[in-house]
Amino acid sequence: MEYNFGEIEKRWQQYWIEHQTYKVTEDPSKPKYYVLDMFPYPSGAGLHVGHPLGYIASDIFSRYKRLQGFNVLHPMGYDAFGLPAEQYAIQTGQHPAITTQKNIARYREQLDKIGFSFDWSREIQTCDPKYYKWTQWAFIRMFHSYYDNQLKKARPISELVEQFSRQGTSGLNVACTEPLEFTAEEWNSKSEKEQQQILMNYRIAYLGDTMVNWCPQLGTVLANDEVSEGVSIRGGYPVEQKKMRQWCLRVSAYAQRLLDGLETIEWTDSLKDTQRNWIGRSEGAIIRFNTSNGSSFDIFTTRADTIFGVTFMVLAPESELVGQLTTDEYREAVQAYIEKTKKKTERERIADKSVSGVFSGAYAIHPFTGEKLPIWISDYVLAGYGTGAIMAVPAHDSRDYAFAKHFDLPIVPLIEGCDVSEESFDAKEGIMTNSGFLNGLTVEEAIPRAIDEIQNRGLGYRKVNYRLRDAIFSRQRYWGEPFPIYYKDGMPYTLDEGELPLELPEVDKFLPTETGEPPLGRAKNWKTKDGYPLELNTMPGFAGSSAYYLRYMDPHNDEALVSKNADEYWRNVDLYVGGTEHATGHLIYSRFWDKFLFDLGVSCEEEPFKKLVNQGMIQGRSNFVYRVKGTNTFVSFNLKDKYDVTPIHVDVNIVHNDVLDIEAFRNWNPEYKTAEFILEDGKYICGWAVEKMSKSMFNVVNPDDIVESYGADTLRLYEMFLGPLEQSKPWDTNGIDGVYRFLRRFWNLFFEGNKLALQDSEPTRDELKSIHKLIKKVTSDIETFSFNTAVSAFMICANELSSLKCRNRSVLTDFVICLSPFAPHISEELWHLMGNETSVCDAVWPSFDESYLKEDVFTYSISFNGKSRFTLDFQADATREQIEAAVLAHPNSQKWLEGKSPKKIIIVPKKIVNVVI
RNA sequence: GCUCGGAUGGUGGAAUGGUAGACACGCAAGACUUAAAAUCUUGUGACCAUUACGGUUGUGCGGGUUCAAGUCCCGCUCCGAGUACCA
């Protein structure tokens, strides 16, 4: 009987819909397992063959867990707000909602063809008001919360207000933008507006004046993870630094918990490392320096031990200290320098490695020696890190060194025997010298000793600093969640939770207003709250994706983000599958958001994603034809060196196993209608290269086309067979025939002519051995995500059973169940043909029996001095003496022993005998 | 610069320190066919032999540990990813 995948796949996809096979509900009688994919942004280009890689892997795992008796939650949805739909709207006038819905429909159509076990009744779209109601709700809660450093959790802001009115800021230990001090009387005598301004300093969602990444082309600010090398990730437009009043999330308050949480989850070490670097914890000290005019300022350093090597100070150009410290004499030069650095874009600043700076005219006083230290201003010091000011130790910091050399400032070495004539000595090792009370100590000892001394003298204190910045949460765009915020007397207030969702209004154009307000400023019927104006910014892309995994647990609940009941059953994601590109964006924000919800008691787990697997990127594999210059003649790959040729990209879909379909090529482009070919062996062979998968390279392979010609099961198996899941690899349709042949061979195991031909007899020992070997291998391969070797195991077993002429019902039943997570359609078909009434999804994963895997006879490899020479068979119960005797008695042994007697004989059970001579 | 990966046939890739190259593609030969496709069988790292069920060599390079190293250790080379004046 023919393996008609088209018919089979259609039939069972229909069956699964009709029987709601993949619908799940909370079932306390079963253990839960939550498998989640990073939901896609539905782009206009549709899915290419790389996108489903992770979905197939997670689908295999979900189906496997289900067969093992778990109640598996495996949902899918769309991250539907975002820039491309809005850019498209600006160009075409088509409403982003329409574009998005169209793209979603296309995605769904493509996904459906691959046979995923998603519970689509739980589908969410982040642009759906019913969904973003809860994004807005969480924002309101963040607005009304502050972070208590003592309790290490978020608390209602009302508690802070109460504390202010009772005791002011005394004894306060909370996360804030800048430390403030006031008494209860002062607080109580402030106006409503003044109090609101002060509270902004503490809210977890707050309005702050911060340096932001401003992208003029996109007309919006961007988060740090949306910018790379000075250009926007989406679109690649230049980004500049600008000070703006923006909504921010106090992610930095959670820095330590985000760091500590990494210890409790199963992520790869490299991803944890990336997050650790991004959080960037560094231990050091804040040291106060007095200036010659009587004021003072703080610096942060991790090298307090180098305090005696400070020869000058440097301020960031953006620092507020610049204005306070600069003397009148130098004011003009400083102003000019600041103007110059401001003009540079982020990108230019990165590219420009040259040293620049200007003297402020002011001096700091060295806290130990009383020496006068000139204060400089330079853009190598960042306003956003530490205090925006540093103590420069040119002998032991390469940047300070470069600066000192350039401006001819003194360099004082502090480590015995170090040579700083050519470069600084940055290593944290050696014995201190020229360092007063630190002399003779190692660097390791000197750091804490120096900080102790500084603390004792009241010059500063120990401080842990984090690189992690607060997230900038405003976007000057249309296609995002509106803020549930209105302004009264210039201060923001939240809408009542009962007024949510605050829906996105209609606008006539998706561009900023003439007065430079965001697009929402155009809304005619935009609601006002009791006559007060609403916030015109919208939320960024990561807002909707930060807590979506919670919403899948209870997607239709209008009363809560997630019910207590559903949350306590599903808890958190057991397996999260997605790309590494979200390592510092989504995966930080999600963890932050979840920790906040955990503090509120909404989420019962402190980490959202227990185990995380990163699938590799699928790159494109481009094909080339070679046109002889100045002609319309194309020469085959191996003959091209004899001609002067230009390589031209050719659509990979008209090339099979690197052989060009000449007819299709002539029809591909009118230019090639009359093309001539110089063939080899009657074929035109194309060249190839690995490139990014993109339309312009003509190397995009569409999953629909593969499903059309080979079937979804073949696509699924082949994507897994291509290589290790985590590894990046090019898509190469060559080779797909291998898994396709396997499926047909497997299919044929069941049939004699057109009839199902199964036998109910006892399986033979060889059949049992083969199938139990498969069960063992596939079980362990799925557990370790080695899907590529699992596919090989299927092929091996099918070949073995085929040569054994196995028709045994129980053996083939186990095979079908094992294969069903990988190739659900063919498995479902065979499962039903074998007389089962229910879906193969509800079968039970077979267990393997080691006793069938036992060998009677083992083939030993006999080595002499580690070099393998011949093989010998031994019974499993052969004794050491028997083996030794047999080896030495073997005629070949004489040859390798060369008359000498062995020093030692090493026997590795069941495998190796090594004779050491 | 720093951090983390990786390097194995013509290709994708297998190998708890124990017969390197599983499995698959491709290629070659054969069977079936008027023929082609499909299918099946056999072979396939390189080199030397071919009377053999033979020998030599071989996992980016150079050392080391071990009876035994693709795998562990030290020192390089190249490639990829992330990050970057973070004091």
Side-chain angles (χ1 to χ4, degrees), chain A residues 224 228-229 268-278 280-282 284 299-304 306 314 316 349-350 352-353 355 378-382 384-393 396-400 402-403 426 465-469 580-581 583-584 614 616-617 619 621 657-658 688 717-718 721-724 726-742 744-745 748 786 788-796 799 802 859-871 892 902-917:
Chain A
N224 282 341
S228 176
E229 299 190 355
T268 58
D269 288 338
S270 76
L271 189 58
K272 285 187 187 179
D273 257 0
T274 307
Q275 291 223 335
R276 283 191 197 104
N277 290 340
W278 192 259
R281 180 191 156 104
S282 55
I299 60 98
F300 174 76
T301 182
T302 56
R303 293 293 303 273
T306 62
V314 188
R349 233 166 114 162
I350 290 166
D352 185 7
K353 297 272 179 197
V355 177
S378 173
D379 64 1
Y380 84 88
V381 174
L382 305 177
Y385 186 77
T387 62
I390 62 153
M391 62 178 209
V393 185
H396 302 292
D397 181 284
S398 54
R399 295 152 302 174
D400 297 343
F403 195 83
D426 291 13
N465 217 354
Y466 298 92
R467 197 189 85 114
L468 185 69
R469 305 260 59 89
T580 28
E581 65 272 21
T584 53
N614 287 121
M617 288 260 285
Q619 297 141 302
R621 185 182 188 276
N657 290 344
D658 292 336
W688 62 276
L717 281 167
Y718 187 56
F721 186 66
L722 216 47
E726 292 89 346
Q727 193 175 304
S728 285
K729 58 236 164 197
W731 175 266
D732 181 0
T733 307
N734 299 345
I736 197 167
D737 289 329
V739 291
Y740 184 54
R741 278 178 204 143
F742 153 70
R744 277 189 306 185
R745 268 203 294 267
N748 287 331
S786 308
N788 55 332
T789 51
V791 177
S792 295
F794 287 126
M795 294 178 178
I796 294 168
N799 285 343
S802 172
T859 300
Y860 281 67
S861 171
I862 316 300
S863 307
F864 291 83
N865 281 346
K867 196 132 196 92
S868 174
R869 294 302 176 183
F870 59 93
T871 61
N892 286 359
K903 280 192 194 133
K904 191 158 57 160
I905 299 179
I906 287 144
I907 300 178
V908 180
K910 301 169 188 176
K911 273 187 177 161
I912 305 275
V913 178
N914 190 16
V915 182
V916 186
I917 304 163

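Because the structure is predicted, anything quoted here is derived from the model rather than measured. The sequence lines fix the lettering, A, B, ..., with proteins before strands; numbering per chain opens at 1.
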Span that lies between the [atom1] atom of [M] and that of [N], in whole angstrom:
N	M	atom1	answer
B:rA69	B:rG82	C1'	31 Å
B:rA38	B:rC47	C1'	38 Å
B:rG43	B:rG10	C1'	16 Å
B:rA20	B:rA7	C1'	16 Å
B:rU65	B:rG12	P	35 Å
B:rA31	B:rA68	C1'	45 Å
B:rG45	B:rA24	P	15 Å
B:rA37	B:rC23	P	26 Å

[N] - base-pair partner by Watson-Crick or wobble geometry, distances under 3.5 Å:
N	result
B:rA87	none
B:rU66	none
B:rU3	B:rA81
B:rA14	none
B:rC27	B:rG43
B:rG75	B:rC61
B:rG9	none
B:rA49	none

Taking [X] for the side chain and [Y] for the main chain, is one N or O donor matched with an acceptor at less than 3.5 Å?
X	Y	answer
A:Ser863	A:Asn914	no
A:Asn465	A:Gly284	no
A:Tyr860	A:Lys910	yes
A:Asp397	A:Ala392	no

Using a heavy-atom cut-off of under 4.0 Å over every strand shown, decide if [X] touches base, sugar-phosphate, or nothing.
X	answer
A:Pro730	nothing
A:Asn748	nothing
A:Arg745	sugar-phosphate

Nearest listed nucleotide, side chain of [X], among [options]:
X	options	answer
A:Met795	B:rC85, B:rC23, B:rG26	B:rC23
A:Arg744	B:rC85, B:rG18, B:rA38	B:rA38
A:Asp379	B:rC85, B:rA84, B:rG18	B:rC85
A:Arg741	B:rG26, B:rC85, B:rC4	B:rG26
A:Ser270	B:rC4, B:rG82, B:rC67	B:rC4
A:Thr302	B:rA87, B:rU83, B:rA68	B:rA87
A:Asn914	B:rA14, B:rG18, B:rU57	B:rG18

Nearest-angstrom distance from the residue atom [atom1] of [X] to [atom2] of [N]:
X	N	atom1	atom2	value
A:Arg467	B:rA87	CZ	P	10 Å
A:Leu271	B:rU83	CG	P	12 Å
A:Asp732	B:rG12	CG	P	9 Å
A:Asp426	B:rG1	CG	P	14 Å
A:Tyr380	B:rG1	OH	C1'	17 Å
A:Arg621	B:rC25	CZ	C1'	11 Å
A:Tyr718	B:rC23	OH	P	17 Å
A:Lys867	B:rA69	NZ	C1'	13 Å

Under 4.0 Å between a side-chain N or O of [X] and OP1 or OP2 of [N]?
X	N	value
A:Gln727	B:rG6	no
A:Asn799	B:rA24	yes
A:Arg869	B:rG54	no

Closest approach of A:Arg303 to A:His396 (non-hydrogen atoms, all atoms of both residues):
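Taking every non-hydrogen atom into account, NH1-O, 4.5 Å.
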Determine whether [X] and [Y] make a side-chain contact, defined as any pair of heavy atoms from C-beta on separated by less than 4.5 Å.
X	Y	value
A:Phe742	A:Tyr718	no
A:Trp688	A:Pro730	no
A:Met617	A:Thr580	no
A:Ile912	A:Ile906	no

Determine, for A:Asp658 against A:Arg621, whether the closest basic-nitrogen to carboxylate-oxygen distance falls under 4.0 angstrom.
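Looking at A:Arg621 together with A:Asp658, the answer is yes, because their closest N to O distance falls below 4.0 Å.
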Toward the 5' end of RNA chain B, which comes first, A:Ile736 or A:Leu722, by nearest nucleotide?
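Taking each residue's closest nucleotide, the earlier one in sequence belongs to A:Leu722.
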Toward the 5' end of RNA chain B, by each residue's nearest nucleotide, A:Ala793 or A:Asn277:
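Upstream on the strand: A:Asn277.
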Go through A:Ile390 and A:Tyr385 one step at a time and tell me if the side-chain contact (heavy atoms from CB on, under 4.5 Å) criterion holds.
CA-CA 10 Å; A:Ile390 62 153; A:Tyr385 186 77; over 6 Å; no
Syn or anti: how is B:rG21 classified when any glycosidic angle within 90° of 0 counts as syn?
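Anti, which is what one calls it when the glycosidic angle falls more than 90° from 0.
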Polar-atom pairs under 3.5 Å, protein N or O versus N or O of nucleotides 19-22 of chain B: list them with distances, or write none.
residue	atom	partner	partner atom	Å
B:rU19	O4'	A:Ser861	OG	3.4

